[in-house]
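Only a predicted model underlies this, so the values are computations on that prediction, with no experimental measurement involved. In this chain, residues are counted from 1 in sequence order.
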Amino acid sequence: VISITGEKCFLTDLIRWNKLVLRYSELNCNTCIEEQIDILNLYVDSIGVDNILLFTTYDNILYLKRFKKANRIKFNIYNLQIWDYLISLY
């Protein structure tokens, strides 16, 4: 996975302990995702900012950064590089 800053990370390094994980795609319903993000932002202090991970699939990292800013996301976001993974299999 790739962090929003462009750093490559391994899932095994990110999920060593219990984490709350939300998986989001550009194709998901925006209203539904924004509502879930709002709920997570409400509880981020009680859950812990390091205990929430958002995994997305964006083709353009700039859209992901805009999404983070528009939704005032406080927790970590990682982009899944699905196509890079599939290509590496062949």
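- A distance of 6.0 Å separates CG in D45 from NZ in K74, rounded to the nearest 0.5 Å.
- Not a single donor-acceptor pair under 3.5 Å links the side chain of K68 to the backbone N or O of N76.
- Looking only at side-chain heavy atoms (C-beta outward), I15 and F10 stay at 4.5 Å or farther from each other.
- Taken from CZ in F67 to CD1 in I73, the straight-line distance is 4.5 Å, to the nearest 0.5 Å.
- Closest heavy-atom contact between L80 and V1: CD2-CG1, 3.1 Å.
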message: Using side-chain contact (heavy atoms from CB on, under 4.5 Å), reason through I52 and V44 one step at a time and then give a plain yes or no.
response: CA-CA 8 Å; I52 302 173; V44 72; 3.9 Å; yes
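- The 12-atom threshold is exceeded at CG of D13, counting heavy atoms of other residues, nucleotides or ligands nearer than 6.0 Å.
- Atoms CZ and CD1, from F55 and I77 in turn, are 11.0 Å apart once rounded to the nearest 0.5 Å.
- Between Y78 and I4 the shortest side-chain heavy-atom distance does not fall below 4.5 Å.
- L62 and L64 fall into different hydrophobic clusters, where Ile, Leu, Val, Met, Phe, Trp and Tyr side chains are chained together by heavy-atom contacts under 4.5 Å.
- Interatomic distance, OH of Y24 versus CG of N79, reported as 11.0 Å (0.5 Å rounding).
- Summarising the local packing, CD of E35 is surrounded by 12 or fewer heavy atoms from other residues, nucleotides or ligands at distances under 6.0 Å.
- Note that the CG atom of L54 and the CD1 atom of I33 stand 8.0 Å from one another [nearest 0.5 Å].
- In this structure, L53 CG and L22 CG are separated by 10.0 Å, a value rounded to the nearest 0.5 Å.
- T12 and R16 make their closest contact through O-CG, 3.4 Å (heavy atoms, listed as atom of the first residue, atom of the second, distance).
- With hydrogens and angles disregarded, a donor-acceptor distance shorter than 3.5 Å links the side chain of N41 to the backbone of N71.
- R23 and T57 share a donor-acceptor pair across their side chains, judged by distance under 3.5 Å alone.
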